Trainee: 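Before I ask anything, let me first share the structure, which is written out below as structure tokens.
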There are 2 protein chains.
Amino acid sequence: MIRIAMIGIGQIARQQHLPTIAAHKAFTLVAGVSPVPVVLEVPVFPTVAALRESGIGVDAVAICTPPDIRYALACEALDAGWHVLLEKPPATTRSQGVALLERAEAHDITLFSAWHSVHAPAVAWLKDHLPGLSVRDIAIVWKENAEKWHPGAEWLWAPGAPGVFDAGINALSILCALTPEGVVFRKAELGFCPGRGAPARARLALETSDRALGIIGEFDWLHPAESEIWEIVWSLHDGTTLALSEGGGHLLRNGKPVPIGDRPEYAGVYDRFAALVAQRLSDLDLRALDLVTEALAYGRRYAID
Amino acid sequence: MIRIAMIGIGQIARQQHLPTIAAHKAFTLVAGVSPVPVVLEVPVFPTVAALRESGIGVDAVAICTPPDIRYALACEALDAGWHVLLEKPPATTRSQGVALLERAEAHDITLFSAWHSVHAPAVAWLKDHLPGLSVRDIAIVWKENAEKWHPGAEWLWAPGAPGVFDAGINALSILCALTPEGVVFRKAELGFCPGRGAPARARLALETSDRALGIIGEFDWLHPAESEIWEIVWSLHDGTTLALSEGGGHLLRNGKPVPIGDRPEYAGVYDRFAALVAQRLSDLDLRALDLVTEALAYGRRYAID
């Protein structure tokens, strides 16, 4: 049994992590860390230092705070000798991620970047079936209403935030997982609302590293709440389309549903974390973060009226 | 003898690469590639394809074109089975660099990112002596006049260009080479001239991955031509300062010159390339490019009057 503490008890922790841990045979929740008072069935401490001082035995932590404070918390947790699961994105930048991996290796413990969308049932089906197919192009459409999901959240739009890629990085994590030949950034256009430091819209042009296949991504954070889209479509040379929708929960072949598994995303996340901890291995995938960073760095910026 | 062709016969090729190759015992120049007609003592072809069709025996190429076309040319050269040296920066983005490395490995040939500043004499001295010293902080000041070095060049300022980091990435390449514990991005401020898509000024806050040491970088592309500065200063806990100046050509300890070697930068670049080719090893260092990309992506942008 892996004794796990939850750092950051917000929406994603309550909706996904805590129920998944409660149901998972490899984990037992022993504590929480939250700077604001919250009630759990286990002790909750205001800081990582307070948890350490409590003397409670901890083997691992899941860090589910907002992204900008994850790096410092992960350093503390790794220095305490705890295996670390990081919600997506695993860090604000690649240089932070690399530093965390080196720290984990120095302590001989596990660092795991939990790209939850990669564990969606449709992704597993595609991982099995795509390698035998002749793909012509890939199109991502990821459009949602930021205000619906994060009402009034100013950090979403600050300089240094990933903007529309806060959601869109899920699509890119799936894309990278299903494109073993590698994905290369070509160009980007980024739409900014007046006075905001992070983009609300983005259009990406990518290609596979064998240069055989073009990939287009359209990301929108200002989409009407009633018609949101989270879709990746693989168009094959024989005219077939495979459309992953609902962020990975459904798969359509030529518009007809394909039967896929039903193990929930976060069960897969914790299966993987348990397996890594058992072997003291790390899995830090920074490819989707790289594509976002490259788009924000080198994309052409325009103003949204 | 490594038969080498030069791809891109501009200023850097003529000032550094061609004289260095002519003087180096491991290399012999056999051809050039240039889309605009130029005269060399060896045949010059308009494209890589034309060089291949010529039947001239080529073992390696040095790619010294503007950065934005290096990726496609490097793919062609690697597919021809030629070892590749890339002028800095080795690619526009990390995802391109990783794709090139995988291509080189698939062909079992050498890919080498030639960060020339890393081969400056002062860097070798510092590599030997810094590990024994107790450093308190590091400050980079890299200020030059873009118009003096690249008169009228519009590509410097286009969206997708690195702006002031076109020069400043040399400082970051030295920093990364001399900071084995790793460098982590913290924050950046980027100054943009009106109507331009790449920054003219930047201020970086970095830290070492052990979080023990702060690093500040000041970069300016609008500095007066008569007082340019390319300097990195290590301040030690005992009050000593070590100042690398002239981009690595000089070193001062507490203001007094330290005797350093005098082997020219590019001789070191080609020594290293020859050694890599002999062993069919690659050396693709993307750390300085990562820091630039992170700064451009996540830095706060402001307008320069």
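Please read these numbers as outputs of a predicted model, since none were measured by experiment. First the proteins, then the strands, lettered A, B, ... as listed; each starts at 1.
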Trainee: If I measure from the heavy atoms of chain B, does A:Arg103 come under 4.5 Å with its side chain, its backbone, both, or neither?
Mentor: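 A:Arg103 touches chain B through side-chain heavy atoms alone.
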Trainee: Under 4.5 Å from any heavy atom of chain B, what part of A:Arg301 do you find: side chain, backbone, both or neither?
Mentor: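 Only the side chain of A:Arg301 comes within 4.5 Å of chain B.
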Trainee: Side chain, backbone, both or neither: which part of A:Glu102 has an atom under 4.5 Å from a heavy atom of chain B?
Mentor: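 Contact with chain B is through the side chain of A:Glu102 alone.
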Trainee: Could you check B:Leu172, B:Asp285, B:Leu86, B:Asp283 and say which one makes a side-chain contact (heavy atoms from CB on, under 4.5 Å) with B:Trp115?
Mentor: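 Per the side-chain contact (heavy atoms from CB on, under 4.5 Å) rule, the option paired with B:Trp115 is B:Asp285, out of B:Leu172, B:Asp285, B:Leu86, B:Asp283.
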Trainee: Considering only heavy atoms and a distance below 4.5 Å, find which of A:Lys187, A:Arg186, A:Arg300, A:Arg211 pairs most often with chain B.
Mentor: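 With the most close heavy-atom pairs to chain B, the winner is A:Arg211.
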Trainee: Regarding B:Thr93 and B:Tyr71, is there a side-chain donor-to-acceptor distance under 3.5 Å anywhere?
Mentor: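 There is no such pair (donor and acceptor under 3.5 Å, judged by atom type) between the side chains of B:Thr93 and B:Tyr71.
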Trainee: Do you know which of A:Gly197, A:Ala188, A:Ala297, A:Gly299 has the most heavy-atom pairs with chain B at a distance under 4.5 angstrom?
Mentor: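 Top option by heavy-atom pairs under 4.5 Å: A:Ala297.
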Trainee: Which of these, B:Val48, B:Ile69, B:Leu85, B:Leu51, sits in a side-chain contact (heavy atoms from CB on, under 4.5 Å) with B:Ile7?
Mentor: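 Running side-chain contact (heavy atoms from CB on, under 4.5 Å) over B:Val48, B:Ile69, B:Leu85, B:Leu51 with B:Ile7 returns exactly one hit, B:Val48.
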Trainee: Name the one of A:Val135, A:Ile215, A:Val184 that satisfies side-chain contact (heavy atoms from CB on, under 4.5 Å) with A:Thr208?
Mentor: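 Only match with A:Thr208 under side-chain contact (heavy atoms from CB on, under 4.5 Å): A:Ile215.
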Trainee: Measuring heavy-atom distances to chain A, does B:Ala72 have an atom under 4.5 Å in its side chain, in its backbone, in both, or in neither?
Mentor: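 For B:Ala72, the contact with chain A is made by backbone and side chain together.
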Trainee: Could you look at A:Val98 and say if it's the side chain, the backbone, both or neither that has a heavy atom under 4.5 Å from chain B?
Mentor: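 Neither part.
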Trainee: For A:Thr293 and B:Glu294, which I'm curious about, is there any donor-acceptor pair between the side chains at under 3.5 Å?
Mentor: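 Per modelled atom types, A:Thr293 and B:Glu294 side chains form no pair under 3.5 Å.
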Trainee: Salt bridge or not for A:Glu218 and A:Arg203, using N-O below 4.0 Å?
Mentor: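 Counted as a salt bridge, because a side-chain N and a carboxylate O are separated by less than 4.0 Å.
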Trainee: Given heavy-atom pairs under 4.5 angstrom as the criterion, report whether the side chain, backbone, both or neither of A:Ala198 touches chain B.
Mentor: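 Contact with chain B is absent: no heavy atom of A:Ala198 under 4.5 Å.
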Trainee: Identify which part of A:Leu291 has an atom lying under 4.5 Å from any heavy atom of chain B, answering side chain, backbone, both or neither.
Mentor: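 Contact with chain B involves the side chain of A:Leu291 alone.
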Trainee: Relative to chain A, which of B:Gly160, B:Ala99, B:Pro162 shows the most heavy atom pairs under 4.5 Å?
Mentor: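 Greatest number of close heavy-atom pairs with chain A: B:Gly160.
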Trainee: Which of these passes ring pair (Phe, Tyr, Trp, His ring centres under 6.0 Å) with B:Trp221: B:Phe192, B:Trp157, B:Phe165?
Mentor: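 It is B:Trp157; the other options fail the test.
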